[in-house]
There are 2 protein chains.
Amino acid sequence: MKETNYVVLGLLSESPLTGYQIKRLIDLRFRFFWSESYGQIYPTLKALSNDGLVEEVDTATSRNRSQKTYRINSAGMEALQHWLRQPVVRETVRLEILLKMYFSHLVDANAMIGHLLEFQEKHEKELKVMNVVGKELQTILDKDPNHAYILRVVSLGKKVNKAYIDWSKETIKFLESPKKP
Amino acid sequence: MKETNYVVLGLLSESPLTGYQIKRLIDLRFRFFWSESYGQIYPTLKALSNDGLVEEVDTATSRNRSQKTYRINSAGMEALQHWLRQPVVRETVRLEILLKMYFSHLVDANAMIGHLLEFQEKHEKELKVMNVVGKELQTILDKDPNHAYILRVVSLGKKVNKAYIDWSKETIKFLESPKKP
DNA sequence: CGGCGCATGTAACTTGTTACATGATTCC
DNA sequence: GGAATCATGTAACAAGTTACATGCGCCG
C-alpha cells in the first residue's frame, strides 16, 4: 500500500482533520522530506474511509461551507502501527541540480553558478524555517511526548540543509576560479 | 520533457552506450541522487532515436549477441546543452524513515532503532563507495576536464551521507536513553 | 550443463502531477 | 467589490516500477 495512506493516517492520529488541512500540514512540516498533492490526498481519504480505517465526522455544511473532517478509528491506528513496525522501503532522491553539475562542463560556467545560487537561497530559507520550528519545539518539549521525536526529524533537516548550503558555496567558488586552458 | 531523456543524453555525450550500460552507469555513479529502471531507459532510447537526437550504431548481432549501441548526434548535444542552461525544476526527496520517525512514539522504540540501524549501515556503505570513487578521481584529475565536476558531485554525496550517519547514531542514542514515565 | 552476467524489451500497474471546475468566507 | 484563503473534487496525463519473457556467452 502506498505511503500516502500512512502519512494521512499519521496526521489523523494527532487530531481529526480535513483534506485541506492535511495538505497544509504536509507542506509545512514535511516539506524537506515528503510531499503530496490534492490529487493524492482526497482520493486517499475516500479509500481509507471505504476501508474502514477512518470515519467522516461533522461534514459541516453547518455553516454552509462544505467541509469534511475525518477521524482515525482503532482499525486505522492498528494499520498505522503495523506499518511503523515494517521495514523502510522507500528512499527516493532526485536532485536535478547534481545531474546538471555532473554534465555542466558542456556549457558556460555562469549557467551553473546561477542554478547553484538559486539552490543555495532555497535551502537557506528552509534552514531558517527549521531553526524557528526547532526553537519553538524546544520550549514546549514537555507538553507532548511526540515533540522530542519531531525534533529529531528537524535535526536531520538542519544537517542536510547545511550540507547543501556549504556545498553550494564551495561549488560556486570552484566554478568562479580561473581555469587553465 | 522528462529528465530521463537528459540523463541518457548526458551519458551518451561521453561515449556510445547500450541501454544496459546506461542503466549500470546510473546505478553506479548516480546512485545517491538519481535512479532509472529499464522500463524507462529502453523506451527513452527509442523515443530519442525517433526524435533524431541519437543514432543507432552497430546493432551488433555480429557476435550473434543482440545489442544496440547508441551514439549522440549534434542535435542531441544541442538539446542537452539547452537543458543544462534551463533552471532546475526537479528536487524530489521522499524519506520514509523520517515519516516513521515522526510518528514512532506510537510504537515500541526497538522497531525504530532497527530501522535506523539499517539506514545507517546502508549509508556507511554508500559513503565508502564515495570515498573510493573520490580518491580515484583525485589521481586522474587532469586526464579529463569533467573529472573535477564529477568530484563536486561526489563531494555532496559524502556530506549528505555523513549527515545521515551522524543523525542515525544520535537518534539511536536518543531512543535508547531511558524515558521518564 | 548450470548459473551468472549481458542484453533487450514490453505490458500491466501504481503512483503522482497538473489543470480545471466550483463555490463560500473573510478581510480590506 | 475584489482578492486571498478555505475547501472539495476529478479527469487527463505523465512518470515510474515490477514482473515477466527471451536468449546468448562465458566460466567452472
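Chain identifiers are assigned alphabetically (A, B, ...) following the order of the sequence lines, protein sequences preceding nucleic acid strands; residue numbering begins at 1 within each chain.
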Between P of D:dG16 and CG of B:N5, the distance in whole Å: 10 Å
Earlier contact from the 5' end, DNA chain C, for A:G39 and A:K2: A:K2
Under 4.0 angstrom between A:R90 side-chain N/O and D:dG16 OP1 or OP2: no
From C:dA7, C:dT17, D:dA7, nucleotide with atom closest to B:R94 side chain: C:dT17
Presence of salt bridge, B:E91 and A:K122, under 4.0 angstrom: yes
Between C:dA7 (P) and B:D27 (CG): distance, integer Å: 15 Å
Side chain of B:Y20 (C-beta onward), nearest among C:dG5, D:dT8, C:dT17: C:dG5
Phosphate OP1/OP2 of D:dG16: any B:S35 side-chain N/O under 4.0 Å: no
Closest listed nucleotide, where the reference is the side chain of B:Y42 and the choices are D:dG16, C:dT10, C:dG5: C:dT10
Rounded distance (Å) that lies between atom P of C:dT17 and atom CE of B:M1: 21 Å
Geometric class of the A:W83/A:Y6 ring pair [parallel <30°, tilted 30-60°, perpendicular >60°]: parallel
Steps toward side chain to side chain donor-acceptor pair (under 3.5 Å) verdict (B:Q67, B:T18): CA-CA 7 Å; B:Q67 194 197 52; B:T18 68; 5.3 Å; no
Interatomic distance where CD belongs to A:Q67 and C1' belongs to C:dT26 [whole Å]: 15 Å
A:E96 CD - D:dA15 P separation (whole Å): 12 Å
Distance test, side-chain N/O of B:S37 to OP1/OP2 of D:dT18, below 4.0 Å: no
Sugar-phosphate, base or nothing in reach of A:G19, heavy atoms under 4.0 Å: sugar-phosphate
B:F30, B:Y149, B:F32, B:W34 screened by ring pair (Phe, Tyr, Trp, His ring centres under 6.0 Å) with A:Y102, the one that passes: B:F30
Minimum heavy-atom distance between B:P16 and B:T69, given as atom pair plus value: CB-CG2, 3.7 Å
Given C:dA7, C:dT8, D:dT17, the nucleotide with the shortest approach to the side chain of B:Q21: C:dA7
Minimum-distance nucleotide (side-chain atoms of B:K68 versus C:dT17, D:dG16, C:dT8): C:dT8
Student check: side-chain heavy atoms of B:I26 and B:I41 closer than 4.5 Å: yes
A:K46 side chain, from C-beta outward: closest of D:dG9, C:dA7, C:dT15: D:dG9
Nucleotide of C:dG9, C:dC6, D:dT10 approaching B:R24 most closely (side-chain heavy atoms): C:dC6
Rounded interatomic separation in angstrom, taking NZ from A:K23 and C1' from C:dG16: 12 Å
A:I22 CD1 - D:dG9 C1' separation (whole Å): 14 Å
Phosphate OP1/OP2 of C:dT15: any A:T4 side-chain N/O under 4.0 Å: no
Separation of C:dA11 C1' from B:Q40 CD (nearest whole Å): 14 Å
